[in-house]
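A quick write-up on the structure given underneath.
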Amino acid sequence: GVVPAGVAALAHGAIRAMTVRHFLPWAAGLLAAAFAAIGVAAARPEPPTPPKPAAAKAGPLPPGPNKIVFCRGLNLHRIDPDGKNEADGLKTDAHLDSEDYCLSPDGRWVAVCSPDQSDPSAKRVRIRELGKDGSWTDLGSGDRAFWSCDGTELLLAVSPAGGPGSSPKRSHHLVNPTTKARTEVKLPAGHHLCDWSRDGKFFLTTQLVAGDDGKETTCRHCVLNRDGTEHQAVADDRRQWGAGRLSPDGTRVLFVDGPGQAKLTVVEVATGRATPVGGIPGAADQVFSYCWGPDGKRIAYTWRARPADGECESALVVCDPDGRNALAIASEKTTAAAIGGVHWR
């Protein structure tokens, strides 16, 4: 039963040779199939990777040209904050207050609210690119206009028939300047829109409030959420403030102390702390218009003096929010072409 070593070695070699010969065609076929599969996979394009949704970012708004636009007579002028490079921007048909027009965030487009030719008691909103020839685009009725933070929409305040002073009721509408489609924005009754925050989240409104005697009506200013609910009352001392202007970061409001006054005040939204703007020239009878600089570090305002006899004097001033470091960058002394509304982008 013992197999000699030589016979065993010979038999083992024969079995290995038979095994290789038996499996070699199968292995070759398997290897060829594997390479073919690899080739097909390589030739087939990879499926595209699904794009990841972009994260919502509340980054800084695109910077504007850092130009001040103001009304000189019937023309809108552009000027650098240091008073250099003043140039015509657009010819209008009226002496404009800052409430009569509004600049887009990039400073390219202007929306003007001017009297309706068919009904002088009503106003219509028209837009046009600054510094370029072309016709106006009519967006329909509206006596106040505010650009959205991305410049794709305007928020219009529309007074009822008969003019702004005929009724406390106003409607508010978002308008697409391309399609002219309107969507109504619901605000609480009695609230009048006076500004829209730079990030688009809040409205600044004035609310008419009856005094304790039921006769005298004063103003209360509120910051509202987009859905019309109250976010923050600016201050509840019910002073006769004019229309406020929100700072770019929404933390402060610039007011004129009552209509026809030569006083400006900065109020902190969170605390109600009021800081007067100093340095307004003593000759000024009225602060006509006012606005914030793009970064909130400076403000601009225009003032006027109307003597009993003689020419009207007016000027455009840039200063710190407390009135320091004031610089008059434009002035006018005339009976007709006084300096009017101002915006800064």
Side-chain angles (χ1 to χ4, degrees), residues 60-114 125-137 139 144-152 154 177 195-196 198 243 245-248 254 264 281 284 287-304 312-321 325-334 336-345:
L61 298 176
N66 196 27
K67 288 279 189 179
I68 293 176
V69 176
F70 67 102
C71 186
R72 189 192 286 270
L74 299 180
N75 295 333
L76 289 179
H77 283 231
R78 289 179 293 188
I79 193 171
D80 293 340
D82 59 3
K84 298 179 180 178
N85 302 315
E86 181 177 348
D88 286 344
L90 187 67
K91 183 174 178 58
T92 69
D93 56 359
H95 301 269
L96 299 179
D97 190 358
S98 54
E99 296 186 8
D100 296 326
Y101 75 100
C102 184
L103 294 176
S104 61
D106 59 7
R108 288 182 54 194
W109 291 84
V110 60
V112 174
C113 305
S114 55
V125 179
R126 300 174 178 87
I127 64 171
R128 184 174 163 184
E129 193 168 1
L130 275 174
K132 292 189 177 181
D133 296 331
S135 59
W136 293 89
T137 299
L139 298 182
R144 293 292 305 277
F146 307 87
W147 286 92
S148 63
C149 56
D150 58 4
T152 61
L154 289 103
D195 206 358
W196 191 2
R198 299 289 177 88
R245 303 285 184 269
L246 279 169
S247 62
L254 179 63
L264 281 172
V287 172
F288 192 75
S289 62
Y290 40 96
C291 68
W292 291 91
D295 58 4
K297 296 179 179 179
R298 304 274 277 172
I299 64 172
Y301 67 89
T302 66
W303 62 267
R304 291 182 179 182
C312 174
E313 185 178 359
S314 58
L316 168 61
V317 177
V318 174
C319 64
D320 297 341
N325 301 311
L327 176 65
I329 63 173
S331 61
E332 193 72 63
K333 204 168 185 179
T334 178
I339 289 176
V342 60
H343 289 271
W344 193 345
R345 289 290 186 266

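Values below: every heavy atom of this structure, side chains too, minus hydrogens, waters and symmetry copies. In this chain, numbering begins with 1 at the start of the sequence shown.
A heavy-atom distance below 4.5 Å is found between the side chains of Pro177 and Leu154. Side-chain contact check for Trp147 versus Ile127: some heavy-atom pair is nearer than 4.5 Å. By the 4.5 Å heavy-atom criterion applied to side chains, Trp196 and Cys149 are not counted as neighbours. Residues Arg345 and Pro294 have side chains not in contact (no heavy-atom distance under 4.5 Å, counting atoms from C-beta outward). Taking 4.5 Å as the limit, every side-chain heavy atom of Ile68 sits out of range of all side-chain heavy atoms of His343. Counting heavy atoms from C-beta on, the side chains of Leu130 and Leu103 come closer than 4.5 Å. You'll find the side chain of Trp344 reaches within 4.5 Å of the side chain of Asn66, heavy atoms only.
One N or O on the side chain of Asp150 and one on the backbone of Thr152 form a donor-acceptor pair closer than 3.5 Å. One N or O on the side chain of Arg304 and one on the backbone of Ile339 form a donor-acceptor pair closer than 3.5 Å. Using a distance-only test at 3.5 Å, with no hydrogens or angles considered, a donor-acceptor pair links the side chain of Tyr101 to the main chain of Gly341. In this structure, Trp292 contributes its side chain and Arg245 its backbone to a donor-acceptor pair below 3.5 Å.
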request  = Start with the C-alpha distance between Val69 and Val110, add both sets of side-chain angles, then the distance that settles side-chain contact (heavy atoms from CB on, under 4.5 Å), and finish with yes or no.
outcome  = CA-CA 10 Å; Val69 176; Val110 60; over 6 Å; no
request  = List the steps and the verdict of side-chain contact (heavy atoms from CB on, under 4.5 Å) for Arg128 and Val112.
outcome  = CA-CA 8 Å; Arg128 184 174 163 184; Val112 174; over 6 Å; no
From CA spacing to verdict: side-chain contact (heavy atoms from CB on, under 4.5 Å), Ile79, Lys67 = CA-CA 6 Å; Ile79 193 171; Lys67 288 279 189 179; over 6 Å; no
query = Does the side-chain contact (heavy atoms from CB on, under 4.5 Å) test come out yes or no for Leu264 and Trp303, once each step is laid out?
reply = CA-CA 11 Å; Leu264 281 172; Trp303 62 267; over 6 Å; no
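Nearest approach of Ala145 to Cys102, heavy atoms of both residues: O-CB, 3.4 Å. The shortest heavy-atom contact between Cys312 and Ala338 is SG-CB, 4.1 Å. Here the closest heavy-atom approach between residue Gly293 and residue Pro248 is recorded as O-CG, 3.3 Å. Smallest separation of non-hydrogen atoms from Ser289 and Gly340: OG-O, 3.2 Å.
Between Lys297 and Asp320 there is no salt bridge, since no side-chain N of the basic residue sits under 4.0 Å from a carboxylate O of the acidic one.
Taking CD from Glu129 and CZ from Arg108, the interatomic distance works out to 4.5 Å, rounded to the nearest 0.5 Å. In this structure, CD1 on Ile299 lies 4.0 Å from SG on Cys319, to the nearest 0.5 angstrom. To the nearest 0.5 Å, atoms SG (Cys113) and CD (Glu99) are separated by 10.0 Å. Here the CG-CH2 distance, from Leu90 to Trp136, works out to 4.5 Å after rounding to the nearest 0.5 Å. Of the inter-residue distances, the one linking Arg126 atom CZ with Thr92 atom OG1 reads 11.5 Å to the nearest 0.5 angstrom.
Remark: His77 engages Phe70, Arg72, Asn75, Glu86, Asp88 in a side chain to side chain contact (heavy atoms under 4.5 Å, CB included) (not counting sequence neighbours).
Among Leu254, Val317, Val342, the single residue meeting the side-chain contact (heavy atoms from CB on, under 4.5 Å) criterion with Tyr290 is Leu254.
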